[in-house]
Amino acid sequence: MGIIGVPADWPADEEAARDVQRRLRGRLVLDEEGPAPGEGHVTGLDVAYDDERDLVAAAAVVLDARTLEPVGSATAVGRVSFPYVPGLLAFREIPTVLAALDALTVDPGLLVCDGYGLAHPRRFGLAAHLGVLTGRAAIGVAKNPFTFSYEQPGPDRGDFAPLLADGEEVGRALRTRGGVKPVFVSVGHRISLDNACAHALALSPRFRVPETTRHADALCRRALAEARAAE
DNA sequence: GCGACAG
DNA sequence: ATCTTGTCGC
């Protein structure tokens, strides 16, 4: 498989990208409960970069939601399609992530993204964007609070505190391990916030970061290293 | 106006 | 994200 290119109609600048977000946001579905935790498949998505060589590698790893064992995976390597701009992260990752998703031979089930969904300046982060483009249920689990502030959740696993924006709960700081910094969960598409948090917790029985993200992270790094070696 | 800011 | 070894601890 070769290196995928940047779509011809890709936004040329930040203003065009923000317009795309505002337009796609109208297709978000936010009144569904979403898939039940522990059933079917969950797919972790992540990317690794080599800005020097203008490469981005994406991985999609499908887990059995009950056992958390991998049942399928795929990778794709592409050209970097956008600079990193806070609030426009999706444009950097999406073409290559979609290529990896397309290469899967099993049903992805719920998409678990490394970043935010509705917790975003225009309520349209990576997980929401990917959800709309694929039509699938999607959540975002981020390791950093982005621009949002939050009250410290309680100390135990499962404790959480809201991420607020304009008095609205756009996500949650969720403790997946007792006494360890929380992760930041938000809805992407076709799922409720309660259910998104239930999934995040079910996917993190042992470590702070969900198993989906850990698998995808390891795989995209491997794919990037191979792409480098291939020149 | 300036800095901060998911990955 | 990325530059990066060993090391402390469960």
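These values consider heavy atoms only, across backbone and side chains, with no hydrogens, waters or symmetry-generated copies. Each chain gets a letter, A, B and so on, in the order the sequences are listed, and its residues count up from 1.
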What pairs of residues pass the side-chain hydrogen bond (donor to acceptor under 3.5 Å, both in side chains) test when at least one of them lies in residues 76-85 of chain A, not counting sequence neighbours? none

Please check this pair: side chain of A/Arg190 against backbone of A/Gly135, looking for a donor-acceptor N/O pair closer than 3.5 Å. yes

Please name the residue in the list A/Asp217, A/Leu219, A/Leu224 that meets the side-chain contact (heavy atoms from CB on, under 4.5 Å) test with A/Arg221. A/Asp217

Given Watson-Crick and G-U pairs under 3.5 Å, DNA chain C in dot-bracket ([ ] crossing, | other strand) is ..........

State whether the side chain of A/Asp159 and the backbone N or O of A/Asp156 hold a donor-acceptor pair below 3.5 Å, judged by distance alone. yes

Pick from A/Thr105, A/Val42, A/Val71, A/Thr212: which one makes a side-chain contact (heavy atoms from CB on, under 4.5 Å) with A/Val62? A/Val71

Any residue in residues 213-230 of chain A with a heavy atom nearer than 4.0 angstrom to DNA chain B? Just list them by number, or reply none. none

Listing time: all N or O pairs from protein to nucleotides 5-10 of chain C that are below 3.5 Å?
none

Output yes when a side-chain donor or acceptor of A/His129 lies under 3.5 Å from a complementary backbone atom of A/Gly125, and no otherwise. no

Read 5' to 3' with Watson-Crick or G-U pairs under 3.5 Å, [ ] for crossing pairs and | for partners on another strand, DNA chain B gives .......

Should A/Leu130 and A/Val106 be regarded as members of a common hydrophobic cluster, given that ILVMFWY residues are connected when their side-chain heavy atoms come within less than 4.5 Å of each other, either directly or indirectly? yes

Do side-chain atoms of A/Asn195 reach the backbone of A/Glu33 as a donor and acceptor pair under 3.5 angstrom? yes

For the pair A/His215 (side chain) and A/Pro70 (backbone), establish whether a donor and an acceptor sit closer than 3.5 Å, ignoring hydrogens and angles. no

A/Lys143 vs A/Asp114, salt bridge (charged side-chain N to carboxylate O under 4.0 Å, His left out): CA-CA, chis, key distance, verdict: CA-CA 8 Å; A/Lys143 298 181 287 297; A/Asp114 198 1; 2.8 Å; yes

Any chain of hydrophobic side-chain contacts (each under 4.5 Å) joining A/Phe124 to A/Val29? no

Its contact letters, B for base, S for sugar-phosphate only and - for none at protein heavy atoms under 4.0 Å, make nucleotides 1-7 of chain B read ----BBB

Ring of A/Phe207, cation from A/Arg214 - is the NZ or CZ under 6.0 Å from the centre and inside 45° of the axis? yes

With no hydrogens and no angle check, is any side-chain donor or acceptor of A/Arg122 less than 3.5 Å from a backbone partner on A/Arg18? no

With a distance cut-off below 6.0 Å to the six-membered ring centre and an angular limit of 45° from the axis, does A/Arg172 pair with A/Tyr150 as a cation-pi contact? no

To check you understand the geometry: which heavy-atom pair defines the closest contact between A/Ala99 and A/Ala76, and what is its length? CB-CB, 3.6 Å

